Amino acid sequence: MQKSPIHPFSATIMAWYVEHQRELPWRQTKDPYAIWLSEIILQQTRVAQGLPYYERLLAAFPTVRDLAEAPEALLLRLWQGLGYYSRARNLQKAAQMVMRDFAGDFPRTYDEIITLPGVGPYTAAAIASFAFNEAKAVVDGNVFRVLSRVFEVETDIVSSSARGVFTSLAQSLIPSEDPAGFNQSIMEFGALQCTPAPDCSVCPLRVSCAAFSASRVAELPVKSKKTKVKEIQMDYLVIEQKGQLLVRERTENGIWKGLWEFYLIEGSLEWLPFPRQTLKSPPVHQLSHRKINCEAWHVQVPDNFDLEIPAGYGWMSPTEFESKGKPVLLLNLITDNLDCPILQDISPAYL
DNA sequence: AAGTCGGGGAC
DNA sequence: GTCCCAGACTT
């Protein structure tokens, strides 16, 4: 088998990487479990935001067995504040699959790794290359940006064909000698040098970058879609009786599944004949796909009143509620109303 | 192919 | 305000 010479692009970014790489903990290990954990955390998440979660989760669950056997509620509490909570649920499903289907030994090939829930083409390529040096090119947001500019690829990165186009290109550039180094290099290059608004004056690819030569750096990559934001209302009653709170787990599919919340007002609340004290409303909770307006009230139910418990809800002590994962919206609600005594007993800390 | 799913940082 | 981040899953 003939060894193809390394492409100038690959040589340049890999040399750049040697000089400019950040020291990140998941780059110091070959443990596929730790690498997998880091990749799930970093999906659609900046390094700075994910880093403390990686340290904390790896300390709490040092092995895939520890993760597989953990209570899901604990995992979601540790994931609190990171968002995309299905990542955490899939993470544990995958850990249990590794224990059951792979005898506790993390799968070693791209084709096996991608069968794990929560692991798609990007993550499987990342794990296979970083942990096992399999020559599978990663394609993430950084790779779209770098390759679209350097080679002036105008394929809309939102289109269904984009992944195939960019994967083929990246795969043609990956050197068989060091797939892991190439993958790390191109992503780090996109994260630090070829950023959305780059400083091309210090770029080592300046002379060979097609977009720079054509003064089209700002136009690439092409991305057509713009997500529209729906505005919704979520009002809460902090219902208290005998030092307990009326709360529930969000079990339905959708936003915040697996997290816990106070009594959510969906329609009218005529069923509750008690005075309410207005709580300070958190500012508008802005998500990438939702704009959530929130109002909240505190209700003290007399000890001797036999309240009819709404379906799905139950009484819980503030201490136990603290141990559950909660949306940041609720953490903000708690933080903003610490003059309400029962809310003082719920630590609003993320970590 | 389009929609859903969080939260936050950079500009 | 806009963009997008080491994307994957559902419909």
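Bear in mind the structure is a predicted one, so any value in this text is a computation, not a measurement. Proteins get letters first, then strands, A, B, ... in listed order; numbering begins at 1 in each. Atoms considered below: every heavy atom in the structure, side chains included; atoms not considered: hydrogens, waters and symmetry mates.
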Trainee: Using a 4.5 Å cut-off on heavy atoms from C-beta on, say whether the side chain of A:Ile186 contacts that of A:Leu147.
Mentor: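 Contact flag for A:Leu147/A:Ile186 side chains = yes.
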Trainee: Does the side chain of A:Gln43 come under 3.5 Å of the side chain of A:Thr123 through a donor N or O and an acceptor N or O?
Mentor: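 Yes, A:Thr123 and A:Gln43 have a side-chain donor paired with an acceptor closer than 3.5 Å.
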Trainee: Suppose the criterion is ring-ring contact (aromatic ring centres under 6.0 Å, His included): which pairs have a residue in residues 155-177 of chain A, not counting sequence neighbours?
Mentor: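 Residue pairs with at least one partner in residues 155-177 of chain A: A:Phe144-A:Phe166.
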Trainee: Looking at residues at least two apart in the chain, or sitting in another chain, which of them share a salt bridge (Lys or Arg N to Asp or Glu O under 4.0 Å) with A:Glu112?
Mentor: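 A:Glu112 satisfies salt bridge (Lys or Arg N to Asp or Glu O under 4.0 Å) with no other residue.
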Trainee: Taking the nucleotide of DNA chain C with the nearest heavy atom to each, does A:Ile114 or A:Gln49 sit closer to the 5' end?
Mentor: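 Mapping each residue to its closest nucleotide by heavy atoms, the 5'-most match is A:Gln49.
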Trainee: If the cut-off is 4.0 Å, is A:Trp79 near the phosphate of B:dG7, judged by side-chain N/O to OP1 or OP2?
Mentor: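 So the side chain of A:Trp79 is outside the cut-off, no N or O lying under 4.0 Å from OP1 or OP2 of B:dG7.
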Trainee: Indicate yes or no: at least one non-hydrogen side-chain atom of A:Met14 is less than 4.5 angstrom from one of A:Phe182.
Mentor: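 Touching, per the 4.5 Å side-chain cut-off.
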Trainee: Between C:dC4 and B:dC5, how many Å separate the two C1' atoms, rounded to a whole number?
Mentor: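 Their C1' atoms lie roughly 15 Å apart.
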Trainee: If you assign A:Thr123 and A:Gln286 each to the DNA chain C nucleotide with the nearest heavy atom, which residue ends up on the more 5' nucleotide?
Mentor: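 Going by which nucleotide is closer to the 5' end, it is A:Gln286.
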Trainee: Round to the nearest Å and state the distance from A:Glu261 atom CD to B:dG6 atom P.
Mentor: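 Distance, rounded to whole Å: 12 Å.
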Trainee: Within this structure, what is the CD-to-C1' distance between A:Glu252 and B:dC5, rounded to whole angstrom?
Mentor: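 Distance, rounded to whole Å: 14 Å.
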Trainee: Enumerate the residue pairs fulfilling side chain to side chain donor-acceptor pair (under 3.5 Å) with a member in residues 62-74 of chain A, sequence neighbours excluded, ordered by first and then second residue.
Mentor: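 Residue pairs passing side chain to side chain donor-acceptor pair (under 3.5 Å), neighbours aside: A:Thr63-A:Asp66, A:Arg65-A:Glu69.
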Trainee: Heavy atoms within less than 4.0 Å of DNA chain B: which residues of residues 29-39 of chain A have one? Give them sorted by number.
Mentor: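 Per residue number, the list is empty: none.
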Trainee: Can you work out whether A:Gly83 or A:Ser159 has the more 5'-proximal nearest nucleotide on DNA chain B?
Mentor: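 Of the two residues, A:Ser159 wins.
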Trainee: Give the rounded distance in Å between these two atoms: CG of A:Asn332 and C1' of B:dG8.
Mentor: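 It is 12 Å, rounded to the nearest whole Å.
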Trainee: Who passes side chain to side chain contact (heavy atoms under 4.5 Å, CB included) against A:Val202, sequence neighbours left out?
Mentor: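 Partners of A:Val202 by the side chain to side chain contact (heavy atoms under 4.5 Å, CB included) criterion, ordered by chain and then number, come out as A:Gln193, A:Asp199.
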Trainee: Return the set of residues passing ring-ring contact (aromatic ring centres under 6.0 Å, His included) with A:His20 (not counting sequence neighbours), or none when no residue passes.
Mentor: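 A:Trp16.
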Trainee: For the C1' atoms, the ones on C:dC5 and on B:dG6, what distance do you get once it is rounded to whole angstrom?
Mentor: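 Result for the C1' pair: 12 Å, nearest Å.
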Trainee: Output the rest of the hydrophobic cluster of A:Tyr84: all Ile, Leu, Val, Met, Phe, Trp and Tyr residues reachable through side-chain heavy-atom contacts under 4.5 Å, sorted by chain and number.
Mentor: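 So far as hydrophobic clustering goes, A:Tyr84 is joined with none.
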Trainee: So, applying side chain to side chain contact (heavy atoms under 4.5 Å, CB included) with A:Tyr313, which one of A:Leu245, A:Ile239, A:Val247, A:Leu264 is it?
Mentor: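 Running side chain to side chain contact (heavy atoms under 4.5 Å, CB included) over A:Leu245, A:Ile239, A:Val247, A:Leu264 with A:Tyr313 returns exactly one hit, A:Leu264.
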Trainee: May I ask you to say what A:Ile292 touches in the nucleic acid, namely base, sugar-phosphate or nothing, with a heavy-atom cut-off under 4.0 Å?
Mentor: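 A:Ile292: no heavy atom of the nucleic acid under 4.0 Å.
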Trainee: Base, sugar-phosphate, or nothing: which does A:Ser86 touch, judged by heavy atoms less than 4.0 Å apart?
Mentor: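 Here A:Ser86 touches no strand at all.
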Trainee: To the nearest Å, give me how far apart CG (A:Asp199) and C1' (B:dA10) are.
Mentor: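 About 15 Å, once rounded to whole Å.
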Trainee: Specify the separation, in whole Å, of atom NZ of A:Lys326 and atom P of B:dG6.
Mentor: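 The distance from NZ of A:Lys326 to P of B:dG6 comes to 16 Å, rounded to the nearest Å.
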Trainee: Going by atom types alone, do A:Arg206 and A:Ser201 pair a side-chain donor with an acceptor below 3.5 Å?
Mentor: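 A:Arg206 vs A:Ser201: no donor-acceptor pair found between side chains.
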Trainee: So A:Lys257, base contact, sugar-phosphate only, or nothing? Heavy-atom distance under 4.0 Å.
Mentor: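 The answer is nothing, as A:Lys257 stays clear of every strand by at least 4.0 Å.
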Trainee: Nearest-Å distance, CG (A:Leu192) to C1' (B:dA10)?
Mentor: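 Atom-to-atom, A:Leu192 to B:dA10, this comes out as 14 Å.
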Trainee: Would you indicate what A:Arg145 reaches in the nucleic acid, counting non-hydrogen atoms under 4.0 angstrom: base, sugar-phosphate, or nothing?
Mentor: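 Sugar-phosphate contact only.
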Trainee: Could you write out each protein N or O paired with an N or O of nucleotides 2-4 of chain B at a distance under 3.5 Å?
Mentor:
unit_1, atom_1, unit_2, atom_2, d
B:dT4, OP1, A:Lys230, NZ, 3.0

Trainee: Quick one: are A:Met234 and A:Ile232 in side-chain contact, heavy atoms under 4.5 Å?
Mentor: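 When only atoms from C-beta onward are counted, A:Ile232 and A:Met234 do touch, with a gap below 4.5 Å.
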Trainee: Taking 5' to 3' order, which nucleotide of DNA chain C is first and which is last to have an atom within less than 4.0 Å of a heavy atom in chain A?
Mentor: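 Contact boundaries, 5' end first: C:dC4 to C:dC9.
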Trainee: Give me the residues of residues 132-144 of chain A where at least one heavy atom lies under 4.0 Å from an atom of DNA chain B, by number, or none.
Mentor: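 Close to the strand, none.
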Trainee: So, do A:Leu259 and A:Lys326 sit near enough that their side-chain heavy atoms are less than 4.5 Å apart?
Mentor: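 No, too far: nothing below the 4.5 Å cut-off.
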Trainee: Output every pair passing side chain to side chain donor-acceptor pair (under 3.5 Å) with a member in residues 180-191 of chain A, not counting sequence neighbours, ordered by first then second residue.
Mentor: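 Pairs touching residues 180-191 of chain A that pass the test: A:Arg22-A:Glu188, A:Arg27-A:Gln184, A:Arg27-A:Glu188, A:Ser129-A:Asn183.
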Trainee: What distance, rounded to whole Å, do you find between the two P atoms, one in C:dA6 and one in B:dC11?
Mentor: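 It comes out at 13 Å once rounded to the nearest Å.
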Trainee: Tell me, which pairs form a side chain to side chain donor-acceptor pair (under 3.5 Å) where one or both residues lie in residues 244-257 of chain A, sequence neighbours left out?
Mentor: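 Sorted result for residues 244-257 of chain A: A:Arg248-A:Glu252, A:Arg248-A:Glu261, A:Arg250-A:Glu261, A:Asn253-A:Lys257.
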